[in-house]
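Beneath this line is the structure, given in structure tokens, with notes to follow.
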Protein chains: 2
Amino acid sequence: MTETKKPYHHGDLREKLLSAATNLIADGGVDNLSIRKLADKVGVSRTAPYHHFKDKNELLCAIAEQGFYQQDQIVRAISTQKTDLPAAELFEEYVLTYIRFANENSETYDLMYGRDIWKAGQPTESLKAISKNCFKLWLEWITVLQAEGVFESNHPPLRIAQSSWAALHGLCRLFNDGVYINQDDVDEIAKTTVEILIKKTS
Amino acid sequence: MTETKKPYHHGDLREKLLSAATNLIADGGVDNLSIRKLADKVGVSRTAPYHHFKDKNELLCAIAEQGFYQQDQIVRAISTQKTDLPAAELFEEYVLTYIRFANENSETYDLMYGRDIWKAGQPTESLKAISKNCFKLWLEWITVLQAEGVFESNHPPLRIAQSSWAALHGLCRLFNDGVYINQDDVDEIAKTTVEILIKKTS
DNA sequence: AATCAATCTTGACAGTGTCAAAATTGATTA
DNA sequence: TAATCAATTTTGACACTGTCAAGATTGATT
């Protein structure tokens with residue numbers, strides 16, 4: 001998280017830009033973030049940010065990167081704190097936390113997994129690295145859970161990891177994008193999803 | 001699909017705008033569609049489109065609406081053509097077709113279920129109507145399938161409809177947005193998803 | 001033939017991302 | 001200490017964007 005190059009004059013322009021940009025996105029979405037508005041907010045000229053981020057895409061990638069870091073922290077806390085929970089319940093806890101994160105940081109989540117960066121733009125190498133790592137962790141956990149009998153063993157763990165994550169992601173997006181609107185339902189749908197995903201033990 | 005008002009001078013500006021807009025979106029995404037470029041392509045002045053669509057949002061809604069209509073047609077064809085298939089296999093067929101549609105019309109799909117319209121913009125009444133109808137059909141089918149034993153009966157059909165659709169949607173989006181990149185995997189992941197969703201009959 | 005309203009165009013305004021060139025300034029070297 | 005250098009910031013410019021207001025065109029209606 002420490003930067004290799006500290007800006008000369010302003011002192012910590014890069015950091016200030018990042019936090020201000022995150023704020024702008026938090027209230028108003030990515031559309032609310034323009035380089036010029038951002039520069040204005042921080043108190044520099046329109047093109048000053050271009051000395052710290054090659055272009056808008058790189059700025060967005062940097063924000064998304066922070067998001068991954070943050071999400072990783074939150075989610076990692078579960079497995080270390082709730083060690084007494086049985087595997088299946090820990091999984092449910094994870095899912096609910098994941099969805100809550102997506103819900104509370106909806107605009108960041110949008111950036112992290114949205115087309116703005118991954119399709120329309122170009123993901124930074126470091127962004128690719130951290131996101132790939134996040135999925136790797138997920139895959140490893142799924143592998144363990146499958147060995148423990150939480151998931152069926154008739155599919156390779158990679159496929160289960162992919163389709164289960166897609167299920168989570170889809171739910172997040174539908175709420176996030178305003179297609180599903182009733183926020184009260186989110187927990188119940190999430191729990192239904194979990195129960196469908198895990199092995200039936202009846 | 002027939003319009004109530006035919007434009008005076010141009011003859012069928014509205015239709016031409018719609019199809020040209022759909023083309024622009026098809027190659028280059030929503031970002032590639034600007035009112036001005038569109039007007040230029042059709043051969044009218046920059047503001048001519050505003051006499052047929054209140055603003056860009058309404059144009060996007062109209063395109064999305066066509067998408068829903070199209071998707072409905074494609075998907076409806078399955079249940080009428082393959083009447084001999086057992087319910088579970090018909091469901092798989094549906095899922096694969098749905099995903100294929102999302103894949104082949106990725107930009108339209110993006111519009112249909114994306115934040116551009118539902119969160120950032122404002123969905124038209126007619127768009128809300130047709131999309132709601134699509135989900136209603138899905139829900140009704142899920143209800144039938146549950147009664148037939150394809151799905152577990154320990155959850156209300158609404159919840160199953162919501163979470164299963166979310167699973168599909170998530171898969172579509174991950175490929176659509178360039179997060180999942182290996183297109184060869186899509187069918188296999190889809191089949192895994194289906195097998196996870198439906199009731200185990202071992 | 002005159003009127004009207006739907007349609008289309010021209011002009012304008014406030015935004016946007018980003019490039020090129022000039023200005024500032026802290027640190028480094030002579 | 002003074003001169004040089006390179007990192008940083010600014011100003012100016014360009015080509016875009018959506019959309020509003022006002023005027024021009026024109027088919028249909030009276």
Side-chain angles (χ1 to χ4, degrees), chain A residues 2-18 20-21 24-25 27-64 107 111 114-117 119-122 124, chain B residues 2-18 20-21 24-25 27-64 107 111 114-117 119-122 124:
Chain A
T2 53
E3 289 312 318
T4 55
K5 294 185 181 181
K6 292 268 173 181
Y8 260 42
H9 302 67
H10 192 284
D12 55 348
L13 223 199
R14 197 192 141 99
E15 293 301 322
K16 280 225 173 106
L17 285 171
L18 262 179
L24 278 174
I25 285 181
D27 56 62
V30 192
D31 294 346
N32 193 41
L33 170 64
S34 79
I35 300 285
R36 298 168 101 106
K37 200 192 290 182
L38 172 63
D40 204 54
K41 200 141 200 161
V42 175
V44 297
S45 74
R46 303 131 247 165
T47 59
Y50 284 88
H51 292 267
H52 301 273
F53 303 97
K54 191 177 129 276
D55 50 21
K56 192 177 184 179
N57 177 68
E58 280 209 351
L59 172 62
L60 296 182
C61 285
I63 300 171
E107 308 298 344
L111 220 49
R115 76 184 295 126
D116 271 353
I117 285 178
K119 196 169 185 181
Q122 279 179 340
T124 310
Chain B
T2 54
E3 289 313 316
T4 54
K5 293 186 178 180
K6 291 270 176 182
Y8 261 41
H9 303 68
H10 191 285
D12 54 349
L13 223 199
R14 196 191 141 99
E15 293 300 322
K16 281 231 173 100
L17 284 172
L18 262 180
L24 277 175
I25 285 181
D27 56 62
V30 192
D31 294 345
N32 194 41
L33 170 65
S34 79
I35 302 284
R36 300 169 100 108
K37 199 192 291 182
L38 173 64
D40 203 54
K41 199 139 200 160
V42 176
V44 297
S45 74
R46 304 131 249 166
T47 59
Y50 285 88
H51 289 92
H52 302 272
F53 303 97
K54 192 178 127 273
D55 50 22
K56 192 177 183 179
N57 176 69
E58 279 209 352
L59 172 61
L60 296 181
C61 285
I63 300 171
E107 308 298 343
L111 220 50
R115 76 183 297 126
D116 271 353
I117 285 178
K119 194 170 188 182
Q122 277 178 341
T124 311

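All chains are named by letter (A, B, ...) in the order of the sequence lines, taking the proteins before the strands, and each is independently numbered beginning at 1.
One end of the helix from C:dA1-D:dT30 to C:dA30-D:dT1 points its axis 20° away from the other end's axis, with each axis taken from 5 pairs and the angle rounded to 10°.
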Look for any protein N or O under 3.5 Å of an N or O in nucleotides 14-17 of chain C and output each such pair with its distance, or none.
unit_1, atom_1, unit_2, atom_2, d
C:dT16, OP1, A:S34, OG, 2.8
C:dG17, OP1, A:I35, N, 3.1
C:dG17, OP1, A:K56, NZ, 3.0
C:dG17, OP2, A:I35, N, 3.1
C:dG17, N7, A:R36, NH1, 2.6
C:dG17, O6, A:R36, NH1, 2.8

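For B:H52 and C:dA6, the shortest distance from a side-chain N or O to OP1 or OP2 is not below 4.0 Å. Dashed line: the shortest gap from a side-chain N or O of B:R46 to OP1 or OP2 of D:dT19 is not under 4.0 Å.
Atom NZ in A:K16 sits about 15 Å away from atom C1' in D:dT8, given to the nearest Å. Across the protein-nucleic acid pair, B:L13 atom CG and C:dA6 atom P stand 16 Å apart, rounded to whole Å. In this entry the distance linking CZ of B:R14 with C1' of C:dC8 reads 17 Å, nearest Å.
Shown here are the side chain to side chain contact (heavy atoms under 4.5 Å, CB included) partners of A:D31, two or more places apart in sequence or in another chain: B:A120. For A:K56, there are no salt bridge (Lys or Arg N to Asp or Glu O under 4.0 Å) partners two or more places apart in sequence or in a different chain.
Taking both residues in full, the closest heavy atoms of A:Q122 and A:C61 are given as O-SG, 3.7 Å, listed atom of the first, atom of the second, then distance.
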Which donor-acceptor pairs under 3.5 Å do the side chains of residues 34-48 of chain A make with protein atoms, sequence neighbours left out?
unit_1, atom_1, unit_2, atom_2, d
A:S34, OG, A:K37, N, 3.0
A:K37, NZ, A:N32, O, 3.2
A:K37, NZ, A:N32, OD1, 2.8

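Checked against D:dT19, D:dT11, C:dC8, the side chain of B:T47 finds its nearest nucleotide in D:dT19.
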